[in-house]
Amino acid sequence: MIADKLLHWYDRHARVLPWRSPPGGAAPDPYAVWLSEVMLQQTTVAAVKPYYERFLARWPTVEALAATEDAELMAAWAGLGYYSRARNLLACARAVVTEHGGRFPASAAALKRLPGIGDYTAGAIAAIAFGESAAVVDGNVERVVARLFALESKAAVREQAAAITPAARPGDYAQAMMDLGATICTPKRPACGICPLREDCRAFARGTPEAFPVRAPRAEKPHRRGIVFWAEAEGDVLLVTRPAKGLLGGMRALPTGSWGDAPSLGEAPFAADWQMLKGNVRHVFTHFSLDLSVAVASVGRVNAEGEWWPIARLGEAGLPTVFDKAARLALESRMSLIAC
DNA sequence: TAAGCGTGGTG
DNA sequence: TCACCAAGCTT
């Protein structure tokens, strides 16, 4: 009933997206579905599009992706965020090649055993690429179902979402739910006036659609300070690769001290005449905000941990956004030093 | 279980 | 300027 109405709406209003087949179309390539779904985890469609196109052109198959070097993959992911996804993407591709003969397993249960694939992504790939009637509950679906049935707990939402998942066209249905949530049943000011499920919606009947889903209050973000070091030698800049786990793990970066209360030049990668740049870099991560000072030094090609990288090719290094900001500040203001 | 994990768009 | 939040996963 709900599914029929939703699919009828989807047949007329489906968004056109690079990774998507038209409604009722042939099942898309599981590799392409997986790639798009991982990129879309907590990430907007607009941000994903250019990365998806670049990745698919550079790595058209899971075999090609599995064979690439870690550093190239991580650099290609730079700027998209949540970098553990990139590490897991590579681990998953290699597992598909070595343990599954290069073919993605066709069930949600088997997909979920692969790195970086949780409940949502397993269900989405199974439904979209393999036609399995799997429950697909992302943030959109949680919101739509919570409003339809006026539910306050995540467990109840998951149960209802599974109960109304149809046997027919499960992939279109999953994408229809997400399109509805993204374009009509939005977090704020939902467009109930044009919603195909308005007559079925308990939250609409109550006049309080925005009251669902119930959100826990979020903790206050702490503020941290730090220094990054721009060490320049003969047209090169010193880059390091961050430890594989943790914040920005596995990514190339500028050397940096710890981020906390009192940054110190004592954390520089080597002794030099470090000069603090005017201005700073402000950046907001998921769980803290950061003010970075930039210290610069022009040196000989000293022995230092890391790699000396040509400044002219810095764009190819794949720096995460926070370090890209710092690099831009260094390049803009190298001429306007002040004493520290 | 709750915390850790990025970034950019939007109102 | 700032709070909110987007096709979540891992530990």
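Quick note on labels: first sequence line is chain A, next is B, and so on, each numbered from 1.
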### Task
Please work out if Thr121(A) contacts a base, only the sugar-phosphate, or nothing of the nucleic acid, heavy-atom cut-off 4.0 Å.
sugar-phosphate
### Message
With a 6.0 Å cut-off on the ring centroids, do Phe288(A) and Phe285(A) count as close?
### Response
yes
#### Entry: Short side-chain N/O contact to dC5(C) OP1/OP2 from Arg218(A), under 4.0 Å
yes
### Summary
Sorted by position of nearest nucleotide on DNA chain B, 5' first, the leading residue of Lys221(A) and Arg189(A) is Lys221(A)
### Task
Whole angstrom is fine here: how far is it from CZ in Arg158(A) over to P in dG8(C)?
14 Å
### Task
Map His287(A) and Ala46(A) onto DNA chain B by nearest heavy atom, then report which one ends up closer to the 5' terminus.
His287(A)
### Message
Taking atom types as they are modelled, would you say the side chain of Thr43(A) forms a donor-acceptor pair with the base of dG6(B) within the 3.5 Å cutoff?
### Response
yes
### Query
With a 6.0 Å cut-off on ring centres, are Trp77(A) and Tyr51(A) close enough?
no
### Query
Between Arg20(A) and Asp172(A), does at least one N-O distance fall below 4.0 Å, as a salt bridge requires?
no
## Note on the structure
Whole-Å distance, Gln41(A) CD to dA6(C) C1', equals 12 Å
### Summary
Rounded to whole Å, the CG-P distance (Leu180(A) to dA6(C)) equals 14 Å
### Task
Round to the nearest Å and state the distance from Tyr120(A) atom OH to dA6(C) atom C1'.
11 Å
### Query
Salt bridge check: are Arg143(A) and Asp138(A) linked by an N-O gap of less than 4.0 Å?
no
